[in-house]
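Down below is the structure, laid out as structure tokens.
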There are 2 protein chains.
Amino acid sequence: MFSVSARTQYAIRAMSCLATRQDRSATSAELAQAESIPPKYLEGIMSNLTARGLIESERGKNGGYRMAKDPAAITMLEIVEAVDGKIKPVTCVDAAGACALGGNCHPRKFWVGLKQTIDAYLAESTLKDVSEG
Amino acid sequence: MFSVSARTQYAIRAMSCLATRQDRSATSAELAQAESIPPKYLEGIMSNLTARGLIESERGKNGGYRMAKDPAAITMLEIVEAVDGKIKPVTCVDAAGACALGGNCHPRKFWVGLKQTIDAYLAESTLKDVSEG
DNA sequence: CTATATTCCTATCTGGATAGTAGGAATATA
DNA sequence: TATATTCCTACTATCCAGATAGGAATATAG
Ligand code: FES
Ligand code: FES
């Protein structure tokens, strides 16, 4: 329970690796190699991160990725949401009617609080913090 | 991501329902009915809660379950761990060698912190709080 | 222009976990 | 003995994360 998807773990490791490189740039294949991530799978993840604007991409020969921002300005929340979407402990956490109970059970507030707690932790952890261990 | 299992949601709803009954007792079938939970599935969950000592059971005719403690003395963490085990964002969160990287990646501290954050929230939320919404 | 290296897109397969079901054994009451 | 309950074990079905495959688009170099 509350397990972190491989997607997100891969994304964070890849970003962490990219951030600590000289020049802060690398190809997807290099990152996959360095972090033991299935190369083809990582490609899709990198696209997510690019779409979110956390990194920038260059196609073609000599292409690859580079950090779009300072690692201290990138939060774990941004990375998580880029690759796995907003976190949702229960389906009705934001849309009150999105569960069989129609948003009318007592525990719901508790789940909303949980989401806020997790979001807060993710938002206050920067890539810089994480990549430095 | 970070989604809560049906097991845990059911457990909390059932406990919440039980806690707010006169006499704080009911049969599994009654709780299943009241909370729209598959009856047979709930049976197994109730056994988990009994094993953990959060509720007490009585077999046979006129049997059922009753609260073993005051709802204010039962935390969400106890319920979650009773039915789904300890939470584990990443496999190596407590056993450092339990992942392909052998516990040696920088992000690991971050995941440990996440677990502590979630555990803390769950531990400070009591059944009384939750059942009262 | 051609060969090559890369990102990017779409479609598909697969295994394992989760959710749920089935049947009945044990136990208690009346 | 009949009935109502918890408890136990095993099975089935469903779903989706994880992974793979193939190739289109794009850029560079020679
Ligand atoms: S789970 Fe949606 S209202 Fe309780
Ligand atoms: S995930 Fe286990 S060491 Fe990083």
Side-chain angles (χ1 to χ4, degrees), chain A residues 1-14 18 25-33 35-68 80 82-85 87-91 99-100, chain B residues 1-14 18 25-33 35-68 80 82-85 87-91 99-100:
Chain A
M1 183 127 89
F2 298 116
S3 58
V4 175
S5 68
R7 255 188 117 65
T8 284
Q9 292 185 57
Y10 291 161
I12 290 176
R13 294 223 305 274
L18 187 62
S25 73
T27 68
S28 180
E30 284 167 349
L31 295 171
Q33 169 85 33
E35 294 288 333
S36 306
I37 300 170
K40 274 301 224 180
Y41 194 48
L42 182 58
E43 283 187 16
I45 296 171
M46 298 306 287
S47 288
N48 290 156
L49 296 167
T50 305
R52 181 80 174 210
L54 303 179
I55 55 182
E56 288 165 352
S57 67
E58 204 71 45
R59 287 173 148 195
K61 196 161 187 175
N62 300 335
Y65 297 94
R66 67 175 159 284
M67 301 297 299
V80 167
V83 302
D84 270 329
I87 77 169
K88 212 176 264 201
V90 299
T91 54
C99 74
Chain B
M1 184 127 90
F2 298 116
S3 59
V4 175
S5 68
R7 257 189 114 66
T8 283
Q9 293 185 58
Y10 291 161
I12 290 175
R13 294 223 306 272
L18 187 62
S25 73
T27 67
S28 180
E30 285 167 349
L31 296 171
Q33 170 85 31
E35 294 288 332
S36 306
I37 301 171
K40 275 302 224 181
Y41 195 46
L42 181 58
E43 284 186 15
I45 295 170
M46 297 306 286
S47 289
N48 290 157
L49 297 166
T50 305
R52 181 81 175 211
L54 303 179
I55 56 182
E56 289 165 350
S57 67
E58 203 71 45
R59 287 174 150 195
K61 197 161 186 176
N62 300 335
Y65 298 93
R66 67 177 159 283
M67 302 297 299
V80 168
V83 302
D84 270 330
I87 77 169
K88 213 176 262 200
V90 298
T91 55
C99 75

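Throughout, protein chains are lettered first and strands after them, A, B, ... in sequence-line order, and every chain is numbered starting at 1.
Gly64(A) comes within 4.0 angstrom of sugar-phosphate atoms only, judged by non-hydrogen atoms across all strands, and of no base. Among the atoms of the strands shown, only primed sugar atoms or phosphate atoms (P, OP1, OP2) are found under 4.0 Å from some heavy atom of Glu58(B).
As rounded to whole Å, 9 Å separates atom P of dA19(C) from atom CD of Gln9(B). The nearest whole Å value for the distance from the CE atom in Met1(B) to the P atom in dC16(D) is 16 Å. Following rounding to the nearest Å, Glu56(A) (CD) and dC8(C) (C1') show an atom-to-atom distance of 17 Å. Rounding to whole angstrom units, CG of residue Leu49(B) and C1' of dC7(D) are separated by 14 Å.
Checking dA19(D), dT6(D), dT21(C) against every side-chain atom of Thr27(B), the shortest atom distance belongs to dT6(D). When distances are taken from the side chain of Lys61(B) to each of dT29(C), dA27(D), dA21(D), the shortest belongs to dT29(C). Closest to the side chain of Asn62(A), from the set dA29(D), dA19(D), dC7(D), is dA29(D). Distances were taken from every side-chain heavy atom of Arg59(A) (C-beta onward) to each of dG18(D), dT26(D), dG20(C); the shortest belongs to dT26(D). For Arg7(A), whose side chain is taken as the heavy atoms from C-beta onward, the closest listed nucleotide among dT7(C), dA19(C), dG18(D) is dG18(D).
Residue Ser47(A) places at least one side-chain N or O closer than 4.0 Å to OP1 or OP2 of dC8(C). Look at Tyr65(B) and you'll find a side-chain N or O under 4.0 angstrom from OP1 or OP2 of dC7(D). Contact annotation: Tyr10(B) side-chain N/O to dG20(C) OP1/OP2 distance is under 4.0 Å. OP1 or OP2 of dC7(D) lies within a sub-4.0 Å distance of a side-chain N or O belonging to Ser57(B).
Interatomic distance, CG of Asp84(B) versus CD of Gln9(B), reported as 10.5 Å (0.5 Å rounding). Interatomic distance, Ile45(A) CD1 to Ser5(A) OG, rounded to the nearest 0.5 Å: 8.0 Å. Once rounded to the nearest 0.5 Å, the distance linking CE of Met67(B) with OG of Ser25(B) reads 11.0 Å. Considering CE of Met46(A) and CG of Leu18(A), their distance stands at 6.0 Å, rounded to 0.5 Å.
Looking at DNA chain C, the stems built from 3 or more consecutive Watson-Crick or G-U wobble pairs, each pair with its key distances under 3.5 Å, are C:1-30 with D:1-30.
No hydrogens or angles were tested; on distance alone, a donor-acceptor pair under 3.5 Å links the side chain of Lys40(B) to the base of dG23(C).
Legend: side chain to side chain donor-acceptor pair (under 3.5 Å) pairs involving residues 39-52 of chain B, not counting sequence neighbours, sorted by first then second residue: Arg7(B)-Asn48(B), Arg52(B)-Glu81(B).
Looking at every heavy atom in both residues, Val83(B) comes nearest to Ala11(B) through CG1-CB, 3.8 Å.
Annotation: side chain of Phe2(B) is not in contact with side chain of Pro89(A) (no heavy-atom distance under 4.5 Å).
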